[in-house]
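Worksheet: the structure to be examined is printed underneath.
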2 protein chains.
Amino acid sequence: MRAHGTEGGVAQAVFRRFNALRPLPDEDAAALEHAILEGLLRAGPGEDLITEGDPVDSVRIVLSGWLFRHKTLEDGRRQIVNFILPGETCDAHAYLLSTLDHSITTATPVAYAEIKRARFEQLMAAHHALAEAFMCETLLNNAIQREWIVNLGRRSAFERVAHLFCEIFERLRPVGLIDGNSCSLPVTQTDLADATGLSVVHANRTIQELRASGLIVLKDRTLTIGDLEALKNAAMYSPGYLRLYRAK
Amino acid sequence: MRAHGTEGGVAQAVFRRFNALRPLPDEDAAALEHAILEGLLRAGPGEDLITEGDPVDSVRIVLSGWLFRHKTLEDGRRQIVNFILPGETCDAHAYLLSTLDHSITTATPVAYAEIKRARFEQLMAAHHALAEAFMCETLLNNAIQREWIVNLGRRSAFERVAHLFCEIFERLRPVGLIDGNSCSLPVTQTDLADATGLSVVHANRTIQELRASGLIVLKDRTLTIGDLEALKNAAMYSPGYLRLYRAK
DNA sequence: CGCGAGATTGACAATGATCAATTAGCGTGG
DNA sequence: CCACGCTAATTGATCATTGTCAATCTCGCG
């Protein structure tokens, strides 16, 4: 079963994630792993993998490290539109569009696999379950984007930041990247501000409020959530949107 | 060429849209039109087509009328997460997920086609270009959601509302629903407020500001944009995100 | 030790929310 | 035809949240 990496291998996060989202037949998992191993790459922190307006001709699957999608207005206001966490795919199918509407930048050193469009399409054609799995991933991503819209439109600063922390924690869980009640949070407060639509100053004060209320500890790029239920309540977090996989 | 409805038929909006997004071979268009005609349905204004948490077992394609996707927090705060305009598809592939994470409600009387999952999958399997076209639609929808995140996170109230108007106008253009520099805007100010993350009162004041600055006329559910470029400038609108179709 | 990035603080300004009426438009029943 | 009742739009007054500006602080690193 090494083939689908349930117990190691560079693509472990990917397979853990698919297992939670939409389990793959061994054969499909093996084919994917094969494709991944063909295209291993690395990037340092702060590198742009894709810039808004670039044409896209491959699919990238993140094996380790964090990235974020972001868009910037003419006058410099920046909004982070999503984080991309280990095991996630940058842009399945995005090659169907002419260019990308946003940029993708690494927050940490990142290991990823690049699969060329032709190779990816061939893989999808040959492995139906794999095609469905990537489709599911796109749909889940969609659901996350919608929840971000709610977050920005209708939650207070306090709720927003709390919600983001809950979401990240729950997204890291299936890939095995939480450790007890802690997880890594390798981004600056500026990034958190840009993800929550706040100014840096206010993001900072909000984080301090969260600390003061005993809901989180955030230190040395590590987030610790003492009482996840309490944090979720504070965030008006509704669990549904991340658990959308079809039982069978 | 009646088959793909370029010049009439109930599904005209659908085919106009696909033509702009990703043109279909006649055969595929005919197959789609056939499926649409099999499943024609109507709904009155203010009806919920799908409610958050419902399982989804079909795809709905809107032939005429407006709907919106929305999510509501426990305490009643509501956020409209997108509008669904004529020619657009409610949830291609959504049946892959267990349940929907949001609700879809009609804003006006709506005519739509419902295609059952099995039928839809059969259609996709038989018509590759059709499958790609629906995929493109999902990706475009994704891009719109991201732009909404920027809108809510980084634009002022004035810019937000202006941006929403620009977007709606540009989305109605390919389906032939703009008339000179006017289009229908069949939603209440409460809906606009919920789409832009503002209070109704402030949404109202913002609309009045837009009127006072001569950028728009909004009366009797009709939006008129005197100078679209000026409105786009005021909105910090960047054109890229709606023009993502691949030239070839 | 000095530098630079990131975090933090204080003072103040501004955007947008809330509360509470009031007005306008429209369809219905008498 | 007109009063009533409803929904949507509008207004005024006030309050709260969040942004801006300008320092200062902390800490890892050469």
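Naming: A, B, ... by sequence-line order, numbering from 1 per chain.
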Revision key, fill the gap. Residue pair A:N204/B:R160 against DNA chain C: nearer the 5' end by closest nucleotide is A:N204
Check your understanding: Out of B:R60, B:E137, B:R17, which one pairs with B:T89 under the side-chain hydrogen bond (donor to acceptor under 3.5 Å, both in side chains) rule?
Key -> B:E137
Exercise for review: Identify which nucleotide among C:dA11, C:dA7, C:dA17 has an atom closest to any side-chain atom of B:L198, counting heavy atoms from C-beta outward.
Suggested key: C:dA17
Review point. Are A:R42 and A:E47 ion-paired here, with the side-chain N under 4.0 Å from a carboxylate O?
Key: no
Exercise for review: Ignoring the backbone of B:S156, work out which of C:dG16, C:dA7, D:dA9 is nearest its side chain.
Suggested key: C:dG16
Review point. When we call it a touch if two heavy atoms are under 4.0 Å apart, what does A:S199 touch: a base, just sugar-phosphate, or nothing?
Key: base
Point to revise | side-chain contact (heavy atoms from CB on, under 4.5 Å) evaluation trace for B:F165 with B:L215 | key: CA-CA 11 Å; B:F165 289 166; B:L215 289 166; over 6 Å; no
Point to revise | Nearest-angstrom distance from the residue atom CG of A:D191 to C1' of C:dA7 | key: 13 Å
Check your understanding: Could you give the CZ-to-C1' distance, from A:F158 to C:dA17, as a whole number of Å?
Key -> 20 Å
Revision key, fill the gap. Separation between CD1 (A:I115) and CD1 (A:I61), nearest 0.5 Å, reads 4.0 Å
Check your understanding: Which atoms form the tightest heavy-atom contact between B:L242 and B:E170, and what is the distance?
Key -> CD1-CB, 3.7 Å
Review point. What nucleic acid atoms does A:G46 come within less than 4.0 Å of, heavy atoms only: base, sugar-phosphate, or nothing?
Key: nothing
Practice item. Please determine if a side-chain N or O atom of A:R155 lies less than 4.0 Å away from the OP1 or OP2 oxygen of D:dT18. Key: no
Point to revise | Phosphate-side-chain proximity, B:R77 and C:dT18, N/O vs OP1/OP2 below 4.0 Å | key: no
**Study point:** B:R154 CZ to C:dT15 P, straight-line distance once rounded to whole Å
**Key:** 16 Å
Review point. Side chain of A:Q189: nearest nucleotide among D:dC21, C:dA17, C:dA7?
Key: C:dA7
**Study point:** N/O (side chain, B:Q208) to phosphate O (OP1/OP2, D:dT11) under 4.0 Å
**Key:** yes
Review point. Between the side-chain atoms of A:R205 and the base atoms of C:dG10, is any donor-acceptor pair under 3.5 Å?
Key: yes
Check your understanding: Think A:R221 has a side-chain N or O under 4.0 angstrom from the OP1 or OP2 of D:dG28?
Key -> no
**Study point:** Atom pair distance, as rounded to whole Å: CD1 in B:I207 and C1' in D:dA8
**Key:** 12 Å
Review point. Of the candidate nucleotides C:dG16, D:dT18, D:dT20, which contains the atom at the shortest distance from the side chain of A:V201?
Key: D:dT20
Practice item. Measure the distance from CG on B:L152 to C1' on C:dT15 and round it to the nearest whole Å. Key: 15 Å
